[in-house]
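Some notes on the structure that comes next.
This one's a predicted model, so the numbers in the text were calculated from it and none came from an experiment. The sequence lines fix the lettering, A, B, ..., with proteins before strands; numbering per chain opens at 1.
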Amino acid sequence: GRFGEYGGRFVPESLIAACEEVEHAFRDAWADPLFHGQLDRLLAVYAGRPTALTPAWRLSAELGITLLLKREDLAHTGSHKINNVLGQALLAKRMGKQRLIAETGAGQHGVATATAAALLGMSATVFMGERDIERQELNVFRMRMLGAEVVPVGSGSRTLKDACSEALRHWVSSVEDGYYCLGSVMGPHPYPWLVREFQRVIGDEARTQCATELRTATPDFVVACVGGGSNAAGTFAGFVDTPARLIGVEPEGGAAINSGLPGILHGFRTKVLQDEHGQISEAHSIAAGLDYPGVGPEHAYLADLGRAEYFTVSDAEVLDAVRRLAKAEGILCALESAHAVAWVLRAVEDGEIPAGSTVLLTLSGRGDKDMHTLMELS
Amino acid sequence: GRFGEYGGRFVPESLIAACEEVEHAFRDAWADPLFHGQLDRLLAVYAGRPTALTPAWRLSAELGITLLLKREDLAHTGSHKINNVLGQALLAKRMGKQRLIAETGAGQHGVATATAAALLGMSATVFMGERDIERQELNVFRMRMLGAEVVPVGSGSRTLKDACSEALRHWVSSVEDGYYCLGSVMGPHPYPWLVREFQRVIGDEARTQCATELRTATPDFVVACVGGGSNAAGTFAGFVDTPARLIGVEPEGGAAINSGLPGILHGFRTKVLQDEHGQISEAHSIAAGLDYPGVGPEHAYLADLGRAEYFTVSDAEVLDAVRRLAKAEGILCALESAHAVAWVLRAVEDGEIPAGSTVLLTLSGRGDKDMHTLMELS
Amino acid sequence: MNALETRTRETRQKGRKLLAPYVTGGITDDWTDYLRAYQDAGADLIEIGLPFSDPTLDGPTVQQASDRALSRGTTVDGILADLAKLDPAVPLVTMTYANLVLRNGADSFCAALREAGVSGLIVPDMPVDEVAPLSEAAARHGIDLVLLAAPSTTPDRLRVIAGHSRGFVYAVSLMGTTGEKRDLPESGRALARSLTELTDLPVLVGFGVSRPDHAAEAARYADGVIVGSALMRKVLDGGRAEDLRAELADMRTALDAIAD
Amino acid sequence: MNALETRTRETRQKGRKLLAPYVTGGITDDWTDYLRAYQDAGADLIEIGLPFSDPTLDGPTVQQASDRALSRGTTVDGILADLAKLDPAVPLVTMTYANLVLRNGADSFCAALREAGVSGLIVPDMPVDEVAPLSEAAARHGIDLVLLAAPSTTPDRLRVIAGHSRGFVYAVSLMGTTGEKRDLPESGRALARSLTELTDLPVLVGFGVSRPDHAAEAARYADGVIVGSALMRKVLDGGRAEDLRAELADMRTALDAIAD
């Protein structure tokens with residue numbers, strides 16, 4: 001729960017007991033082979049794990065590297081979010097909770113939460129900013145089809161950060177039957193740790209797959225996009241004990257690590273985009289899933305340590321990356337995931353990635369949700 | 001190529017050589033372990049096979065049966081179409097062709113073809129009716145993002161059957177460098193056979209998965225939706241030598257087997273929806289992917305033999321099935337696939353499926369593409 | 001030898017190049033006027049399209065003509081009834097797709113053709129491999145079933161096609177659909193020559209024969225030409241029977257010039 | 001013992017129930033008029049919110065007040081400057097979120113509070129476990145750091161909170177956010193009683209104390225009440241200082257009736 005100076009549990013006293021309840025339940029579950037058995041089975045027979053590791057044949061040839069794509073876009077609901085929600089929903093059920101509470105920005109975590117709730121016969125309440133509801137009406141409809149209640153949040157900037165605040169507020173008043181199913185490696189302890197553990201399946205699988213796919217067994221670079229940072233955290237977890245350079249890629253307009261300052265938001269200490277007065281800034285990126293002014297505390301810590309490096313790419317680079325990957329490999333990835341691709345394209349060009357390198361890149365999700373955005377821009 | 005009185009090769013003389021070329025190339029490839037090796041690797045590391053077999057836990061409990069879902073919705077591009085196009089694209093490449101020609105209705109086969117073309121560095125020309133282009137602009141955009149040329153077809157009813165005709169016409173004039181990548185178990189010999197062989201991976205995988213999942217090893221019922229019928233053909237192929245009852249489910253408004261008469265369309269003899277004069281009728285169903293007036297010849301044959309049975313469901317039953325599956329299992333399936341679900345729901349109710357039965361159902365694709373249709377209807 | 005083939009062989013015998021114009025049946029109320037005009041302009045036989053909803057071998061012009069005829073409520077029975085009222089001086093050959101032929105069975109279809117005074121039949125989506133039952137029915141009713149050969153047809157197949165075709169052999173001049181072309185496709189020449197070596201049946205060249213000079217050129221290596229889309233384009237554009245007569249007469253003149 | 005705690009203890013000593021009204025700093029141009037009105041109405045201390053962009057423990061009323069203040073360009077420095085100009089007869093307690101406290105370091109934040117004449121501080125998203133560095137800074141600058149206890153707080157934690165809180169203990173009456181309620185939440189009673197058994201610090205009840213009868217009821221089991229949203233609702237609706245004075249005076253009367 002604490003990563004150097006980051007992390008912690010900066011929540012109202014009313015939530016302390018609930019956080020502790022989650023922490024104890026998770027420690028207990030994570031040490032229980034039965035829980036792992038349940039979760040592993042759901043991941044396999046329901047979510048479609050292990051996801052494929054796809055050599056990007058044509059792009060590799062063009063770039064003069066070996067590029068491997070970890071295909072979270074193939075997981076059920078279209079992104080890595082399902083790994084986390086299945087874990088948390090099982091945990092909630094084990095705790096005797098009947099309802100999942102979640103925040104969502106672009107709607108991916110909301111859809112995943114609604115999915116897990118439906119699967120396990122629970123109810124789901126998803127908070128979503130009014131502006132995001134307008135921008136992502138399709139995902140709102142998907143959540144409702146899945147039986148979830150979507151609650152519009154009209155306060156503040158009416159986007160993800162306000163949905164997070166509202167979910168926390170709602171949790172305070174419903175700790176008895178409600179379980180807060182957080183969407184990324186954020187929030188008060190134990191969430192950043194718990195979500196990373198539920199997402200480490202990405203890195204663990206990729207590690208095993210790389211061992212058969214690569215002569216060098218482990219890649220030289222491990223690259224993933226970072227908003228809250230859960231797909232990156234899960235991926236890095238599998239390679240932190242290898243010599244691989246771990247690279248997180250932030251959007252230029254939402255780069256908490258590159259442009260943020262230490263601060264406290266939504267229950268944890270991390271790097272946060274904020275003005276000189278300490279008021280939280282809005283993030284702006286073409287990828288709604290990365291539009292968050294903070295970042296998982298472990299990333300802030302890894303950045304300080306130098307164990308992982310964080311770079312930014314522009315919206316224009318991201319659009320170019322989506323198109324290049326589509327035309328070269330037949331994969332329409334999410335705008336979020338395209339941040340990682342964009343960085344690889346640039347890093348090969350400027351020599352940061354030397355010719356002949358092996359690169360593992362996590363494609364966190366599929367691009368179907370972004371087609372309207374892309375259509376408007378083209 | 002011939003299934004009883006159905007099938008055959010009713011094409012202009014100009015296409016005979018091209019059909020024969022495809023047939024010989026396929027026979028050769030299908031007997032070549034190297035080809036299987038290439039294809040199997042693509043299916044595994046690129047398309048995400050094997051796809052999961054998901055027990056529908058809650059629906060099973062509600063219905064008093066054991067319902068297993070074969071999850072083609074988890075395959076790359078979102079449906080079983082990828083199995084076929086990867087096979088055909090590899091075949092085309094082996095034949096030295098540089099360009100894939102395809103027809104598409106809802107756009108799923110078009111997207112899959114564009115995907116395979118991108119992956120293998122080929123070009124793709126996709127014919128699509130003008131009315132379908134209007135209705136499915138998102139898939140048109142996806143194809144173009146993937147680098148394919150989408151050609152609007154303005155003749156006839158400006159839908160799938162006209163796109164098929166136009167693709168055939170175009171193929172005549174480009175047999176040298178063009179390969180006709182047909183989307184279902186239709187068309188002149190060898191296509192119905194070839195596409196079934198490329199799709200039998202569904203049935204073969206499911207057979208193996210059922211053996212571990214079911215005490216009885218094979219299910220009592222094997223159910224799939226039927227438009228052209230490729231997902232059903234591929235599924236049935238894995239169970240044709242078991243005692244399982246094979247069930248194909250047609251849309252009420254496009255039920256070639258249940259309402260069609262023997263006829264010849266697009267190069268093969270089958271059951272076709274047609275008027276008293278022999279003019280082809282348009283099919284009408286809520287699922288664009290089932291809007292075809294004919295059906296794969298093998299299905300017509302299996303129906304005559306009685307080895308497979310074909311039922312119809314209404315649009316209203318399909319909508320209800322989509323919603324029930326979403327709420328019970330957290331899976332938003334395609335309207336096409338929901339036909340199979342709808343039949344199971346009804347068949348349990350009316351006793352056609354006895355309590356305690358085991359049912360394998362192929363979910364041919366995911367429902368993301370149908371969200372707009374569903375939104376308009378709700 | 002039935003009416004059609006008798007006529008095609010006799011015409012060739014006389015040193016006259018065969019001219020076979022096409023019209024889509026039922027395209028207008030008085031569509032049979034076009035037949036009379038063709039006859040007046042010197043047609044040796046007339047091809048009549050029985051419109052089908054999904055004409056996969058036809059290009060845009062004939063597709064449009066078929067759609068227009070169908071949307072007027074045209075049926076095969078109606079066309080045949082119109083034909084039955086005529087007493088044409090030249091053989092009539094119907095062209096249509098397999099589904100219409102087999103709808104009520106090949107036998108009754110051929111019987112109906114005969115009844116209407118038709119003596120030939122072309123079914124472009126029924127290649128020689130699939131044709132046996134229809135061939136028999138056609139023979140039974142005195143209908144010559146004309147088979148098509150294409151530039152992609154192998155020599156072995158050409159032999160089979162030439163052996164099974166009746167009336168004449170239809171040499172498809174190009175790899176493509178029907179339709180007007182600026183230049184006569186070159187690929188028809190080799191095909192027509194191969195066919196001529198394989199059979200003594202007349203060989204007619206079709207697809208893309210759009211202008212008098214095309215007709216003349218094709219007639220140098222074949223026994224005649226089939227002209228479809230170029231005429232139907234005029235019909236669709238509102239051409240009257242007289243206009244079509246004049247158009248075809250130019251073709252006749254060009255062909256006769258060759259034969260001289 | 002600093003100014004705040006001295007005052008809360010003395011007031012209790014006198015048998016007077018503590019009345020602590022809240023106002024969001026910078027909500028209007030002349031927002032300090034509300035402070036004077038509160039004082040006139042018989043407040044014993046005044047809580048001043050330093051608005052934060054993401055007030056996670058506040059309900060709609062205080063959220064709206066914070067947004068309005070921020071959109072007017074309100075800053076912490078500006079509020080403190082306004083306060084520094086006053087010479088209030090009652091202790092001032094600021095309430096804000098951790099990010100604003102730590103932005104330039106806890107020490108400089110507490111120094112600035114002191115400078116402005118503030119004597120207490122409440123930071124609802126900084127639970128006792130995380131509070132040590134701030135506690136030290138506050139103590140250094142003579143600021144009483146008030147801690148909150150909730151109905152869900154375990155007895156062990158209550159003891160720790162009671163031990164570390166200064167000025168008074170803030171008993172959160174319900175599991176929820178700030179905001180007006182029709183009835184005073186029952187959950188505050190047990191919490192206040194537990195706290196009273198654990199500490200001799202005054203215990204004030206807050207959250208949902210919306211009407212005079214609520215205040216009276218809470219004062220039966222606690223040393224006083226904090227009134228926030230009910231007042232801010234009036235401010236947002238355009239209430240002037242005089243209106244707020246009257247509102248609060250009713251609370252005062254109700255409290256005094258209990259104490260008698």
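- Checking each of C/S187, C/S173, C/P185 against C/P151 for a side chain to side chain contact (heavy atoms under 4.5 Å, CB included) leaves exactly one that passes, namely C/S187.
- Not one N or O on the side chain of B/H299 forms a donor-acceptor pair closer than 3.5 Å with the backbone of B/G296.
- Checked by atom type, the side-chain pair B/N84/B/Q88 shows a donor-acceptor distance below 3.5 Å.
- Ranked by heavy-atom pairs under 4.5 Å with chain B, the first of C/A149, C/P60, C/A98, C/P124 is C/P124.
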Test side-chain hydrogen bond (donor to acceptor under 3.5 Å, both in side chains) applied to B/S157 and B/D162, step by step:
CA-CA 7 Å; B/S157 58; B/D162 311 286; 2.5 Å; yes
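- Per-residue counts of heavy-atom pairs under 4.5 Å with chain C were compared for B/R169, B/H277, B/R269; the largest is that of B/R169.
- Side chains of C/V118 and C/I48 form no contact here, defined as non-hydrogen atoms less than 4.5 Å apart.
- Both the backbone and the side chain of B/I280 come within contact range of chain C, each with at least one heavy atom under 4.5 Å from a heavy atom of that chain.
- Contact count versus chain C (heavy atoms, under 4.5 Å) is highest, among B/A17, B/S165, B/S14, for B/S14.
- By the neighbour-count criterion of 12 heavy atoms within 6.0 Å, atom CD of B/E176 is sparsely surrounded, having that number or fewer from other residues, nucleotides or ligands.
- Contacts between B/V272 and chain C at a heavy-atom distance below 4.5 Å are absent for every atom of the residue.
- Annotation for C/K181: atom NZ counts as buried by contact number, over 12 foreign heavy atoms lying within 6.0 Å.
- When the candidates C/V172, C/V131, C/L70, C/V101 are compared by the number of heavy-atom contacts under 4.5 Å with chain B, C/L70 comes out ahead.
- Proximity to chain B (any heavy atom under 4.5 Å) is shown, for C/T154, by neither the backbone nor the side chain.
- For a residue to count as touching a neighbouring chain, one of its non-hydrogen atoms must lie under 4.5 Å from one of that chain's; by this rule C/P55 touches chain B with backbone and side chain alike.
- Using a 4.5 Å cut-off between heavy atoms, C/D77 does not touch chain B at all.
- Counting only heavy atoms from C-beta outward, the side chains of B/Q108 and B/E336 never approach each other to under 4.5 Å.
- Interface remark: C/L147 contributes no atoms to any contact with chain B (heavy atom separation under 4.5 Å).
- Heavy-atom pairs under 4.5 Å with chain B were tallied for C/V123, C/N99, C/L100; the largest tally goes to C/N99.
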